[in-house]
2 protein chains.
Amino acid sequence: MVKSKTQELDHIFHALSDPTRRSILRDLGKREKTVGEIARPYRMSLAAISKHLKVLELARLIDRRKAGSHQFVRLNPETLKTAEEWISYYEQFWNERLEALRNLLEIEGGTDG
Amino acid sequence: MVKSKTQELDHIFHALSDPTRRSILRDLGKREKTVGEIARPYRMSLAAISKHLKVLELARLIDRRKAGSHQFVRLNPETLKTAEEWISYYEQFWNERLEALRNLLEIEGGTDG
DNA sequence: TTTAGATTTAACCATGTGGTTGAATATATC
DNA sequence: GATATATTCAACCACATGGTTAAATCTAAA
């Protein structure tokens with residue numbers, strides 16, 4: 001079953017709302033890593049990291065590649081584009097409005113010392 | 001107490017992870033609105049909307065302006081910049097790596113039919 | 001085929017989330 | 001002051017989240 005755009009955004013933003021998960025994404029920037037490697041720097045259990053990876057995977061922020069007994073986890077930067085697009089679209093939209101508002105306030109408030 | 005950058009991102013992304021809250025942000029793009037106005041199109045209670053607004057406020061995605069018995073809620077687009085900056089920073093970083101990876105794969109896989 | 005290593009699953013726990021309803025708290029108006 | 005309107009707060013509920021430990025699964029290697 002294909003996720004709706006809405007669900008997709010739900011999952012992406014939810015995945016990004018946890019500092020451990022953002023940290024994992026940062027760690028994966030350098031290169032792909034195994035689950036064990038990813039977990040090492042953190043003080044929580046491997047099972048906890050495994051859960052975090054599942055959340056990141058549901059959001060499609062990461063991909064996995066099985067390699068024998070272990071597996072490599074790597075980023076899927078395409079997905080971040082989805083979030084960024086949402087944000088920048090609305091930001092632009094809002095900034096236009098905001099600018100109109102600022103102009104209004106300038107007229108009302110004046111710049112007279 | 002001032003929020004850390006990390007907590008700030010936690011709150012912003014968490015706020016954005018709910019479809020009702022994203023919808024509210026969209027609605028506020030047109031103009032500032034009262035709580036009642038915001039709530040009207042939704043089928044949930046006013047109290048539920050009030051809670052959502054609190055989440056958006058904690059993330060500083062909205063501001064409030066008291067005006068007698070009611071109050072006006074408006075966007076704070078500056079905050080979205082924080083999220084966008086995080087995303088675009090890492091996206092750019094990752095895309096560089098990804099491009100390097102793609103080049104590698106091309107070399108390995110070749111383009112020979 | 002046992003054994004060791006890598007990872008996930010299951011069961012559990014405390015706390016958070018998103019909703020409800022009903023009472024409480026302003027504030028404007030009569 | 002009494003009353004209607006706008007909004008929040010409190011208590012509650014079902015379910016999700018983020019963590020734990022222990023058992024299960026899969027693979028590699030002895």
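All chains are named by letter (A, B, ...) in the order of the sequence lines, taking the proteins before the strands, and each is independently numbered beginning at 1.
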Asker: State yes or no: do B/Leu16 and B/Val55 share one hydrophobic cluster built from I, L, V, M, F, W and Y residues joined by side-chain heavy-atom distances below 4.5 Å, directly or via other members?
Answerer: no
Asker: May I ask you to evaluate whether A/Gln71 reaches the phosphate of C/dT8, defined as a side-chain N or O under 4.0 Å from OP1 or OP2?
Answerer: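 Indeed, a polar side-chain atom of A/Gln71 lies that close.
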Asker: Parallel, tilted or perpendicular for A/Trp86 and A/Phe13, by the 30°/60° rule?
Answerer: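 Because their plane-to-plane angle is over 60°, the rings of A/Trp86 and A/Phe13 count as perpendicular.
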Asker: Can you tell me the distance, in whole Å, between the CZ atom of A/Arg22 and the P atom of D/dG18?
Answerer: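 Atom CZ in A/Arg22 sits about 12 Å away from atom P in D/dG18.
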Asker: Quick one: A/Leu58 CG to D/dG18 C1', roughly how many Å, whole number?
Answerer: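 Atom CG in A/Leu58 sits about 16 Å away from atom C1' in D/dG18.
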Asker: Base, backbone or nothing for each nucleotide of nucleotides 18-30 of chain C, written B, S, -, heavy atoms under 4.0 angstrom, 5' to 3'?
Answerer: BBBB-----SS--
Asker: Can you tell me if B/Ser50 touches the phosphate of D/dT8, counting only side-chain N or O atoms and a distance under 4.0 Å to OP1 or OP2?
Answerer: yes
Asker: Not counting sequence neighbours, which residues clear salt bridge (charged side-chain N to carboxylate O under 4.0 Å, His left out) with B/Lys81? List them please.
Answerer: A/Glu91
Asker: Is there a side-chain contact between B/Ile38 and B/His52, using heavy atoms and a 4.5 Å cut-off?
Answerer: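 B/Ile38 does not reach B/His52 side chain to side chain.
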Asker: Would you mind reading off the distance between A/Glu37 atom CD and C/dG5 atom C1', rounded to a whole angstrom?
Answerer: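 Rounded to whole Å, this separation is 14 Å.
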Asker: Report yes if at least one side-chain N or O of B/Arg40 is closer than 4.0 Å to OP1 or OP2 of D/dA6; otherwise report no.
Answerer: no
Asker: Would one find a side-chain N or O of B/Lys54 under 4.0 angstrom from OP1 or OP2 of D/dT7?
Answerer: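 No, B/Lys54 has no side-chain N/O under 4.0 Å of OP1/OP2 on D/dT7.
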Asker: Round to the nearest Å and state the distance from A/Tyr42 atom OH to D/dG18 atom C1'.
Answerer: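 My rounded result for the distance is 15 Å.
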Asker: Which residues pass the ring-ring contact (aromatic ring centres under 6.0 Å, His included) test with B/Tyr42, not counting sequence neighbours?
Answerer: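 Partners of B/Tyr42 by the ring-ring contact (aromatic ring centres under 6.0 Å, His included) criterion come out as none, since no residue qualifies.
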Asker: Between P on C/dT7 and CZ on A/Arg64, what's the gap in Å once rounded to a whole number?
Answerer: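 My rounded result for the distance is 9 Å.
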Asker: Indicate yes or no: does B/Arg31 engage B/Glu37 in a salt bridge with an N to O separation below 4.0 Å.
Answerer: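 Looking at B/Arg31 and B/Glu37, the cut-off is met.
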Asker: Kindly work out whether a path of hydrophobic side-chain contacts (I/L/V/M/F/W/Y, heavy atoms less than 4.5 Å apart) joins B/Leu46 to B/Met44.
Answerer: no
Asker: Figure out the NZ/P separation between B/Lys33 and D/dT7, and round it to whole Å.
Answerer: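 Distance check: B/Lys33 NZ to D/dT7 P gives 13 Å.
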Asker: Using whole Å, report how far CD1 of B/Ile49 lies from C1' of D/dA6.
Answerer: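 That distance rounds to 15 Å.
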